[in-house]
Visitor: 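Quick one: the structure is below, and I'll ask about it shortly.
Below, chain A is the first sequence line, B the second, and so on; all start at residue 1. The basis for the numbers below is simple: all heavy atoms, side chains too, and nothing from hydrogens, waters or symmetry mates. Since the structure is predicted, the reported quantities are computational estimates derived from the model, not experimental observations.
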Number of protein chains: 2
Amino acid sequence: MSASEQTNWQSVHDEVLRRIHTREWKPGDQIPKEVELAEQLGCARATVNRALRELAAEGFLDRRRKAGTRVATHPVRRAKLDIPVIRLEIEGRGQKYGYGLLLTERRTPTPEICANLGVSAKSDMLHISSLHLADGKPYMFEERWVSIDTVPEIVDADLSKISANEWLVLHAPYTKGDISFSAVLASELEAKILRTHAGAPLFLMERTTWENDAGITSARLLFAPGYRMHSAI
Amino acid sequence: MSASEQTNWQSVHDEVLRRIHTREWKPGDQIPKEVELAEQLGCARATVNRALRELAAEGFLDRRRKAGTRVATHPVRRAKLDIPVIRLEIEGRGQKYGYGLLLTERRTPTPEICANLGVSAKSDMLHISSLHLADGKPYMFEERWVSIDTVPEIVDADLSKISANEWLVLHAPYTKGDISFSAVLASELEAKILRTHAGAPLFLMERTTWENDAGITSARLLFAPGYRMHSAI
DNA sequence: AGAAATATTATGTGCAGACATATTATCGTT
DNA sequence: AACGATAATATGTCTGCACATAATATTTCT
């Protein structure tokens with residue numbers, strides 16, 4: 001290796017990654033131990049440790065005490081999906097964000113929601129439907145249930161101005177969450193709201209959050225046809 | 001805070017997260033500087049630094065030199081999607097994995113693939129179609145293009161036994177990748193292959209990878225109806 | 001040989017101290 | 001007041017050292 005430049009953890013990171021990419025170190029290979037690498041690259045062990053730790057977190061390396069460090073055989077690539085507030089996602093693309101509250105009602109949850117959140121069938125809940133727009137066009141249709149037992153303050157929130165999600169982000173942080181993605185067909189009603197036709201393929205995102213096992217909210221987000229979620233890996 | 005226990009970076013991490021969750025520190029609030037926190041919690045600044053750094057990476061904190069550390073106002077939650085090899089995903093659920101090669105042909109790419117990968121229209125490429133099964137049922141239909149210019153060894157690979165993706169993972173690591181998800185309708189052909197009906201909603205994953213700007217592969221993965229991708233946040 | 005106790009080892013983490021760097025705050029000049 | 005130079009400061013990182021911990025290797029005992 002060239003060396004000569006300054007050795008910081010980032011450069012160690014890059015150098016190790018380079019050796020993996022050039023297949024100097026192949027999947028399954030054991031790489032030199034931290035002390036040796038530190039000596040080779042002219043830096044402290046702590047610096048090498050930091051670099052290798054990050055590489056392990058990124059999925060390129062497998063590390064085990066005493067056993068050493070080896071190149072991952074099945075580099076599970078981790079796509080980091082940023083799940084921003086919809087408003088910021090739209091505004092971030094330079095589009096104009098719009099939001100409309102379609103319905104709020106206070107009632108007991110459906111059996112499905114009970115199962116999702118793990119709450120009783122007699123729970124006090126808020127059911128909210130809303131539509132998010134980008135440049136005036138329907139972008140995402142949201143159907144959400146919020147537990148009033150867990151987040152009583154929600155009943156005083158003005159959900160005609162700020163979306164339930166944004167309100168929750170600011171007032172009810174969660175400790176645990178679940179998110180899933182799938183493809184579904186638009187129903188008659190959904191199609192009408194999203195201004196498309198029944199049977200159109202819709203991207204569905206379902207999110208459920210808890211605060212220490214107390215269910216907060218469960219939401220079903222239906223994106224208008226053409227939506228693509230993407231990410232770098 | 002209680003304290004008394006041993007102070008390691010993990011406990012600092014958890015304590016700070018607790019203060020955020022209990023809204024002792026609210027979104028937008030500035031939190032004590034590292035030196036103060038270290039004093040409060042009875043540990044070295046390096047330890048606090050490690051904890052806060054992780055929390056910032058997780059999206060709970062915003063940190064800036066001189067400006068200090070504050071609780072994120074819009075906690076962008078990062079869903080970490082593990083993108084494993086399909087075989088491992090299926091076997092990991094205890095199902096039996098099956099794989100069938102449907103077609104391989106060596107030809108020039110379609111304009112769409114050219115655009116995706118950024119290669120010339122006269123590139124030498126391998127076009128591969130295959131079907132992945134779980135417990136004998138169609139699970140995912142894959143249509144892939146591999147650049148022979150970038151990965152010449154692919155022509156000697158036996159793709160009837162091992163999927164192109166698995167072969168690539170082992171023999172052609174990438175430095176850059178792009179992944180996107182969307183919902184589409186099954187075409188007649190796709191429906192036939194996945195043993196469903198035309199017009200069924202399919203979850204589509206598109207992946208493209210490069211090695212230093214040299215396009216490696218572009219793949220279109222169509223999952224059978226009912227597929228759900230999920231993750232904890 | 002086989003099992004249990006013990007030693008060895010590579011990574012994991014903590015610490016104090018130092019300097020680097022990006023930003024903000026302040027001061028002086030016009 | 002506006003502007004540019006300068007000082008102050010919180011985080012970012014590196015270093016050398018020490019000890020903890022988990023896993024493996026070795027030895028000892030039956």
Visitor: Please enumerate all residues that pass side chain to side chain donor-acceptor pair (under 3.5 Å) together with B:Asp62, with sequence neighbours excluded.
Guide: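 Testing B:Asp62 for side chain to side chain donor-acceptor pair (under 3.5 Å), a comparison that skips the adjacent residues, returns none.
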Visitor: Send over the distance from A:Leu41 CG to D:dT15 P, rounded to a whole Å.
Guide: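 Distance check: A:Leu41 CG to D:dT15 P gives 11 Å.
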Visitor: Going by side chain to side chain contact (heavy atoms under 4.5 Å, CB included), name the residues that satisfy it together with A:Lys96, two or more places apart in sequence or in a different chain.
Guide: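 A:Lys96 satisfies side chain to side chain contact (heavy atoms under 4.5 Å, CB included) with A:Asp135 once adjacent residues are dropped.
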Visitor: Given the rule in the side chain to side chain contact (heavy atoms under 4.5 Å, CB included) test, do B:Glu206 and A:Arg228 qualify, once you have shown the distances and angles that lead to the verdict?
Guide: CA-CA 10 Å; B:Glu206 289 169 293; A:Arg228 275 163 65 113; 2.8 Å; yes
Visitor: Verify, without hydrogens or angle tests, whether B:Thr217 (side chain) and B:Trp145 (backbone) share a donor-acceptor contact under 3.5 angstrom.
Guide: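 Yes; at least one donor-acceptor contact below 3.5 Å.
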Visitor: Salt bridge or not for A:Arg63 and A:Glu34, using N-O below 4.0 Å?
Guide: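 Yes, charged N to carboxylate O under 4.0 Å.
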Visitor: When you check every protein heavy atom under 4.0 Å of nucleotides 7-16 of chain C, what one-letter string (B, S, -) results, 5' to 3'?
Guide: -BBBBBBSSS
